[in-house]
Amino acid sequence: MPSSSLLPTDSSVLLTTAGMQQFKRYFTGELDPMKDFGSKNVTSIQKAFRTSDIDEVGDETHLTFFEMLGHFSFGDYFKKETINWTYEILTEIFKIPVDRISATVFEGDDIIPFDEESFEAWSKLLPPTQVKKGIRTDNVWGPTGAEGPCGACNEVYVDDVEVATLVFMEYYCHLDKKLTKLTQKGVDVGWGFERIVTKIQYKNNIFETDLFEPLIKILPENIDIRVQRIMADHARASAFLISDGVTPSNKDQGYVLRRLMRRLIVHAHMSDVETEVIRELLLVVVNHYSVYYPNLNSETILTEFNKENDKFQKTFKNGLKELEKLTTVDGASAFKLFESFGLPFEIIKEVGGDKVSTLTREEFEAERKRHQEISRAGVEKKFGGHGIKEGDLTAENSEEMKKVTRLHTATHIIVASLQKVLGQKLPQAGADITVERLRFDFTFPRKVTPKELKQAEDIANEIVDKDLPVTCKEMDLQEALDSGASAFFKLKYPPRVKVYTVGDESDPFSHELCGGPHVTHTGEIGHITITKEESVSGGNRRIRAVVD
Ligand code: ALA
């Protein structure tokens, strides 16, 4: 199976962090792998991004963006096979001596029992000192802060580097952390590609492999090794994020990308490296990887980088000066440096020396959140001085209100249809509805082909024909986001929000935060026709459609 986008369709996570995410519903049995793949076993090489590792980047094994080699069983092979194959590939294919291999298995607790089967399987292959029992935090794998399939796992090490995790899916972990048994057993294996390459190529660390060598080579040798690694990692990660449709912003995925790019810019400045070198790094990433990832687009990547660079160059040097003047930096003053000069937390922490020794990421993020809430409260929606208004819509009279309401629900349905056709979440960047037509913008790196538009239009009309219910629930913002509702990129939301669902709530066709109003059944919309797809500024695409 091809890698899914770094922007997941499953909105319970910000970015794709593991190979299993695109297969969640095959593990739960909701979808049938025989029907969709002709097999109960699939493999993939998945693009993955872990914000949680950002502070570790610079050491010998951690990255933000990495490739995960995965193989998966949905109700087919299980522990013994997986463990034997893992051993076989390590020793026979990768030629790694047995004495350098070790594994950990779950010791058991009052919820999930000791993983005896794995323990025995490994004990047949490795000497007793190389098979260890581990605690829940290391040897049970499942979704963090979300729901999904989970189970006991084995960690596999070469020397003291973890190269693979073998997850044996047996439970579903609910939002309240309760576990229920899955109807079938599954396997989710993930290998850290860069780490195993390090071992196969007899290198000391990931940055010495041929995956990173072309990037490190561009950087002057006299720069601090940690900085070289951060720059190589962040350039690679930025190129991949941009190509999957992320643009820098102060929110969500855009906030992650912005920090990576700004850290690149400040490090280049402090190490006396020309900004041009960052562009070169980005281009090398494209050259190196585009055979495998043809959506890497040097033009889009450079355009986004240049825009961010132009903005940030104007402010960051003053920010650094300001930081110099401070004697101690706490969450509030660090946030001020971000707000006024754009300095990301990572940079403040890196260049602040003693004055930031007590500053924590949590403190900074808490301050950022507090400010977002204040500015949200200050936002006032402005409506025209005439006509009627309801929720997000305005119209001259009630007849027109009915029409714009149909167009409004059609917008949600077209967005969801397009996401299905393009196989990824499309960050939305604005919408405008008049009595004649609907129009909305979204971030996507290329033109949507006429064929794809037609497919989306067909899906949308199928949804209309099915006359599905459209329901609305009011809830707390966080609860809404946790329930997987899509949110508009640039809008600021109040603490209580409405979520509109098209279709059955247990498996909604569309699930969006929105002020309404909407039709109550999709059949009321009438036939949907997409009339135009075009490019607008900032890497965004724009779609117009009519209903009749
Ligand atoms: N899903 C497992 C991981 O991400 C393989 O480590």
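In this text the structure is predicted, and so the values were computed from the model without any measurement. Atoms within each ligand, like the ligands themselves, are counted from 1 in listed order.
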Under 4.0 Å, heavy atoms only, figure out whether ligand 1 is touched by the backbone of Thr17, its side chain, both or neither. neither
Just which atoms of ligand 1 are under 4.0 Å from any heavy atom in Met68? 3 (C), 4 (O)
Salt bridge (charged side-chain N to carboxylate O under 4.0 Å, His left out) partners for Glu350, two or more places apart: Arg226, Arg263
Close-contact set for ligand 1 against Val167 heavy atoms, below 4.0 Å: 2 (C), 5 (C)
What is the nearest protein non-hydrogen atom to atom 5 (C) of ligand 1, stated with its residue, atom name and distance? Gly190 N, 3.4 Å
Would you please indicate if the ring centroids of Phe66 and Phe193 are separated by under 6.0 Å? no
Using a strict 4.0 Å threshold on nitrogen-to-oxygen distance, state whether Asp115 and Lys133 make a salt bridge. no
Decide if atom OH of Tyr292 counts as having more than 12 heavy atoms of other residues, nucleotides or ligands within a radius under 6.0 Å. no
Quick one: does Arg50 get a heavy atom under 4.0 Å from ligand 1? yes
Record the part of His71 in heavy-atom contact with ligand 1 below 4.0 Å; permitted values are side chain, backbone, both and neither. neither
heavy-atom search around atom 1 (N) of ligand 1 in the protein gives Asp188 OD2, 2.7 Å
Is the Lys NZ or Arg CZ of Arg259 less than 6.0 Å from the centre of Tyr255's six-membered ring, within 45° of the axis? yes
Is any NZ, NE, NH1 or NH2 atom of the basic residue among Asp244 and Lys47 found under 4.0 Å from an Asp or Glu carboxylate oxygen of the other? yes
